[in-house]
Every structure is written in structure tokens, then in C-alpha cells.
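Presented below is the structure to which this report refers.
Side chains are part of it too, since the values below use all heavy atoms of this structure and drop only hydrogens, waters and symmetry mates. In what follows, chains carry the letters A, B, and so on, assigned in the order in which the sequence lines appear, proteins first and then strands, with residues in each chain numbered from 1.
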2 protein chains.
Amino acid sequence: MSKNQRVRTKKTVEERRQDILEAALKVFSENGYKGATTAEIARQAGVAEGTIFRHFATKKELLTAVLEPKIVEGLIVLDQEKRESSPEEFFRCFLKNRLELMQENAGLFRLMFAEAQYHSEVREALFHGILGPGIGLVKPWFDKGIAQGLFKPLPFIPTMRSFMGMAMFYGVFGFLFPNLSPESTIDEAADHIAELFLHGLVRSDS
Amino acid sequence: MSKNQRVRTKKTVEERRQDILEAALKVFSENGYKGATTAEIARQAGVAEGTIFRHFATKKELLTAVLEPKIVEGLIVLDQEKRESSPEEFFRCFLKNRLELMQENAGLFRLMFAEAQYHSEVREALFHGILGPGIGLVKPWFDKGIAQGLFKPLPFIPTMRSFMGMAMFYGVFGFLFPNLSPESTIDEAADHIAELFLHGLVRSDS
DNA sequence: ACTTCTAATGAGTGATTACTCACTTATTTT
DNA sequence: AAAATAAGTGAGTAATCACTCATTAGAAGT
């Protein structure tokens, strides 16, 4: 049966696809989209160059295929357990989770933000895969905190902007200037950023 | 005299150089380094392609030439007048100054941070032109604040990292997602970021 | 006016690239 | 075992690119 056949072969096909995607992510994030060559991706994936184009019609399709699935994965993890803890505790957990995700997929994130400048598809993937869900998670927390009188009534989007900047740049900076970046655990970084974001640099008793 | 001759011609030569640099910045920041072609830069500069290589030996030299001078310019502006105002006031001024500089040279900054990933020359230019001077300016202020007991004794570099992230990402975010970014003045943005960075999201009377 | 020098030109060049296609290899079906 | 189908291959292709160089244009000096 053609069904049977499909199932049998498709598993191997899927593995090949994964090999290519893995190599593509590596080469893209090391050289940028334009700087990466399909020949090098094929080499690192251990396949012939032609094989890439049997799985992905164009180089650009390969780029979006690299970005999209990874983006969603691991996004809505900590919901249940920490939802009803204190707002500060929730935030610290959320931030730590985000920093971990970004550290595990550092190359992907750097690639995404660099290429988002030049490709609207990447911007859209970024928006639908990360920004949207992230906002959906944080907005209720933010609103609740304000309603309870715990947070200042700051505008949401600009505040998110600052928060994302702190978190994103933490990883980028560490990559660009490793010698300037004292090695610290994710926990320490999360504590530091949370302290700043929630309470600021100025001592509260002054 | 050859002197006379030189003077006469060199002015025009310098203008040509500027035309090329200007066009190069535009094309580089729109397409990235690899995505930009010398043909397009020549077209936008209104010169022949060969002319570019009379002024800059290679494409990469053109890139560094685009970045270096712009970086230093306008860096140490507000020193004198605001040095001895209150720490908070100093910070707000410094931040506003930085945001203005980044807004005026938005394309340059995006280009620089994207390409810093791939070219060590760019990383070094970034470090010597921006990071170093910036640290030199902020560190005394930071240390003094701590010594006076006004600031929490947080580690300097990680705190800088968070601050830079907030400021940098403000512009990047506005470029990537203009529809999500309510148009606001630099003053408003500076006030908002300063409030967050200095005092945090949580109300201090809670 | 003639020579000299320099900056500018753009067609040309070799290298590189994304993508193709005729063919091989492997697996399944009959 | 033979035929059929699908997946993989890599030499080949047309296009593109950074960079070159013989030539031209124009100003400066005499």
C-alpha cells in the first residue's frame, strides 16, 4: 500500500529533514542568512547539496523552517504551578524560564533578531511565535498587579519593551563581550534583573 | 604647487568620500553587510563602481569606515552642565541624550549590533567607540551613588547590561514593530525608562 | 596650446552561489 | 526476481558579486 510505504520512508525522511534543519541553524547563526551557503549547510548535515532542495524549495524557505518550530517550543511552561504565587515570585520564575530558553537557543535568538531587520517573514514569525504569546502571559499579571495597587500604573507596551530589552540583551551582551561578562548562573542573572525591574536601582529607604 | 593642487582636489575627493560613505550606510543598514552590493552603493552615491575602490580598498574596509567615525561623534556632550546636578537628574539627561543619538543614527546602530555578531572588527569598534566611553561616563556616577548610600550596591557590569538593553531595545523594537509602538517623544520614553531603571515597577509605598 | 598628473569610469574577470536535472541507489510491491 | 517508486546525488548552469585595469576627462603647471 502506498500508505504503508509512506509511513516507513517518512520516518527516515523526517530524520534527514532534522539533520538539515540542525545544520542550517548552526550555519545561519554563525554567518547570518546571506553569509551562509547551502553548500556548507549540506556539508554539515552530511547530505548532498541537492538533497536540501528536495526538502526545502528555496534557501529562504529553509530559514523560515529553521525559525518557526523552535520558536513556539517551550513557551508556555510554568503556567500552572506558579500562577497563584506572589506577583514577584511569578515574575522571577517567568524571567528565569525565559533566560533559560534564550540561553539554550542563543544562536537562534541572535539570528532571529538580526534577520528580522531584513525579512518581514522573520518579523512575523517573531511576532506570532514569541511576542504575542509572551504578551498573553504577562499582560494579566501586569494588569492584576496594577489593580491591586502593587504596581505603578505604567503603560504596558513600553514597560514590556524595557523588560524585553533587559532580558534579550543579557544574552547578546554575553556573546559579544564574553571577557566583560563575569560568568554567572541564570539564577543570579534572573535575580539581578528582577530586582532592577521590580524595585529599581535606587534604595527604597532613601 | 603640488600643495595647492592637493588642497584643491582633496576637498572634492573628501566630498566624494562622504557621498560614498553616506550611500554605504544607507545600503548596509537596509540590507546588511552581505546583502549590500557595491554596485548599489555606487548607484546611490552617484559614482561608478570602480570609484568606490579608489577610496576604499575592499568592501569590508568600507564597512569599518562607515562605522568608526560616526560612533565617536556626539558621545561626550552633556558633561559639564549636568555633572553636579542630582544623580537622578543626571541619569535622566544622560539617557535622553543617548536615546536622541540612537534615534538620529538608528540605522547605524541596528547595523552595528547585527554585524557585531559576525565581524570582530565591528565588535572592537563597538567596544572602543561606545562601550568604553559609556562606561567611563557612567561608572563614576554609579560608584558615587553607591558611596552616598543612594543606590543599592549592585554589580556594575550586569547593571549596565540591563540598562543598555532597555535603551537599545527601545529603538530596535520601534523599528521592528512600529504598529505595536505608540508614537511617543524621546522625553516620554526617557522618563519612562528612567523611572523603571531607578525605581522599578513596584510601588515604593507597598 | 601643450604637457602632465590625477581622479573617475565601466566593461571585463574570475570566483562564488543558489538551484537544477539526469542519473544512481535503495526500498517496496507484485 | 523483476518492476516500480521514491529518495539521494553531485556535476552542471546561469546569475551575481567584489574587484581590476586600460582608458578617458579635466584641471594645473609651463
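The nearest whole Å value for the distance from the CD1 atom in B:I41 to the P atom in D:dC19 is 11 Å. B:E40 has its CD atom 11 Å from the P atom of D:dA18, to the nearest Å. With rounding to whole Å, A:I20 atom CD1 is found 15 Å from C:dA18 atom P. When the C1' atom of D:dA11 is taken as reference, atom CZ of A:F53 falls 15 Å away, rounded to whole Å. Look at CD on A:E61: it is 10 Å from P on C:dC19, rounded to the nearest Å. Remark: P of D:dA7 and CD of A:E15 are 14 Å apart, rounded to the nearest angstrom. If you take CG of A:L63 and C1' of C:dC19, they are 17 Å apart, rounded to a whole angstrom. What separates CD1 of B:I52 from C1' of D:dC17 is a distance of 12 Å, to the nearest Å.
In this structure, A:F177 has its ring center under 6.0 Å from that of A:F173. In this structure, the ring of A:F91 has its center less than 6.0 angstrom from the ring center of A:F197.
Of the two residues near DNA chain D, B:K60 and B:R54, the one whose nearest nucleotide lies more 5' is B:K60.
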Taking N or O atoms only and anything under 3.5 Å, show me the protein contacts with nucleotides 13-17 of chain C, one pair per line.
none

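Remark: side-chain polar atoms of B:K59 are paired, donor with acceptor, to backbone N or O of B:Y33 under 3.5 angstrom.
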Task: Stepwise side-chain hydrogen bond (donor to acceptor under 3.5 Å, both in side chains) test for A:H199 and A:E88 - done: CA-CA 10 Å; A:H199 300 290; A:E88 302 212 12; 3.2 Å; yes
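Not a single ring pair (Phe, Tyr, Trp, His ring centres under 6.0 Å) links B:F53 to another residue, sequence neighbours left out.
Here B:R16 reaches the OP1 or OP2 of C:dA8: one of its side-chain N or O atoms lies under 4.0 Å away. Side-chain N/O atoms of B:H55 include one lying less than 4.0 angstrom from OP1 or OP2 on C:dA8.
Salt-bridge formation is detected for the pair A:E195/B:K152: a Lys NZ or Arg NE/NH1/NH2 atom is positioned less than 4.0 Å from an Asp or Glu carboxylate oxygen.
Applying side-chain hydrogen bond (donor to acceptor under 3.5 Å, both in side chains) to B:H119 and the options B:E121, B:Q117, B:R123, B:E115 leaves one that passes, B:E115.
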